[in-house]
Amino acid sequence: MSGTQGSAAPEPHGERVAADLATVVGRLSRRLRTASPDSLLTPTQRTVLARLDTEGPATTAALARSEYVKPQSMRLTLGALEERGFVARTPDPNDGRQSVVSITDDGRAILVAVRAAKHSWLAQAIDAEFDPAERRLVAEATVLLGRLVER
């Protein structure tokens with residue numbers, strides 16, 4: 001035998017890891033979407049509310065740019081959220097032709113409920129599926145993935 005003992009796993013190639021990771025993250029994302037009660041929010045509505053919650057009020061155009069959708073699509077999303085009382089519009093102080101959209105208390109409450117359902121499902125799944133050593137590995141991988149996202 002050469003200098004190493006046992007059969008070490010081959011070094012994973014970045015492209016293979018990237019493909020596998022993208023697949024798993026996509027599946028996890030879809031699974032998390034199903035964890036919240038039906039019809040609370042569409043995925044687009046949830047991301048718009050989350051953005052308004054973390055980044056503050058924004059115009060329809062700014063939200064459309066940040067979500068990579070057409071302004072017409074964003075207007076439909078915001079209209080549905082406004083109809084349910086989850087967002088409110090006020091005149092834009094810098095441009096009277098536009099309005100600024102902000103999340104309401106009801107919008108925050110629904111966002112909290114959706115997040116709680118997702119986190120609850122994920123915490124229960126992690127506790128049921130993984131032993132303590134595996135949970136530590138998942139925690140370490142989460143830190144690494146966070147670093148990757150911030151790159």
Side-chain angles (χ1 to χ4, degrees), residues 12-151:
H13 293 284
E15 289 205 18
R16 177 80 256 154
V17 172
D20 292 347
L21 180 59
T23 299
V24 169
V25 167
R27 290 176 60 210
L28 177 60
S29 180
R30 284 188 296 281
R31 181 59 184 93
L32 284 170
R33 266 187 246 133
T34 66
S36 61
D38 286 342
S39 74
L40 284 182
L41 296 171
T42 67
T44 303
Q45 290 171 345
R46 191 201 63 76
T47 59
V48 168
L49 282 182
R51 184 174 300 278
L52 291 170
D53 189 44
T54 58
E55 297 177 10
T59 64
T60 301
L63 286 167
R65 279 191 304 275
S66 64
E67 294 296 320
Y68 304 102
V69 298
K70 294 180 180 179
Q72 298 88 330
S73 296
M74 184 55 64
R75 276 195 285 280
L76 291 173
T77 297
L78 291 172
L81 290 169
E82 188 174 27
E83 189 174 290
R84 295 173 70 186
F86 297 156
V87 299
R89 295 177 198 260
T90 56
D92 185 339
N94 301 319
D95 183 350
R97 299 167 297 167
Q98 294 191 70
S99 60
V100 174
V101 182
S102 56
I103 189 169
T104 64
D105 288 342
D106 286 348
R108 276 192 191 83
I110 200 73
L111 196 55
V112 165
V114 167
R115 286 174 174 161
K118 291 176 184 207
H119 293 168
S120 176
W121 173 84
L122 190 54
Q124 289 174 4
I126 288 170
D127 285 342
E129 187 66 27
F130 301 135
D131 64 33
E134 289 171 323
R135 283 193 294 274
R136 279 191 296 279
L137 278 173
V138 171
E140 290 169 11
T142 301
V143 170
L144 292 174
L145 291 171
R147 192 174 84 200
L148 185 64
V149 169
E150 295 302 318
R151 187 165 190 266

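- The OG1 atom of Thr34 sits 9.0 Å away from atom NZ of Lys118, with the distance rounded to the nearest 0.5 Å.
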Subject >> side chain to side chain contact (heavy atoms under 4.5 Å, CB included) between Leu81 and Val101, worked out >> reply: CA-CA 10 Å; Leu81 290 169; Val101 182; over 6 Å; no
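- The side-chain heavy atoms of Leu52 and Leu63, taken from C-beta on, include a pair separated by under 4.5 Å.
- Remark: Asp131 CG is packed, more than 12 non-hydrogen atoms of other residues, nucleotides or ligands lying under 6.0 Å away.
- By the side-chain contact (heavy atoms from CB on, under 4.5 Å) test, Arg75 is found to be paired with Thr60, Pro71, Gln72, residues two or more places apart in sequence or in another chain being considered.
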Subject >> Verdict with reasoning, Arg135 to Asp127, per side chain to side chain contact (heavy atoms under 4.5 Å, CB included) >> reply: CA-CA 8 Å; Arg135 283 193 294 274; Asp127 285 342; 3.7 Å; yes
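- Minimum heavy-atom separation, Gly79 to Arg89: N-NH2, 3.8 Å.
- Between Ile110 and Gln45 the shortest side-chain heavy-atom distance does not fall below 4.5 Å.
- To the nearest 0.5 Å, the span separating CG on Leu21 from CG on Leu145 amounts to 5.5 Å.
- Within the 4.5 Å cutoff, the side chain of Val143 has no heavy atoms near those of the Glu140 side chain.
- Across all non-hydrogen atoms, the minimal contact from Leu49 to Phe86 is CD2-O, 3.7 Å.
- Between Val17 and Pro12, the shortest heavy-atom distance links the atoms CG2-CB, 3.5 Å.
- For the pair Asn94/Val100, no side-chain contact is recorded, criterion being any heavy-atom separation below 4.5 Å from C-beta on.
- The distance from atom CZ of Arg46 to atom CG of Leu41, rounded to the nearest 0.5 Å, is 8.5 Å.
- Glu67 meets the side-chain contact (heavy atoms from CB on, under 4.5 Å) test with Thr47, Val48, Arg51, Val69, Met74; sequence neighbours excluded.
- Thr142 places a side-chain N or O within donor-acceptor distance of the main-chain N or O of Val138, the cut-off being under 3.5 Å.
- Among the candidates Asp105, Thr104, Leu111, the single residue satisfying the side-chain contact (heavy atoms from CB on, under 4.5 Å) test with Arg108 is Asp105.
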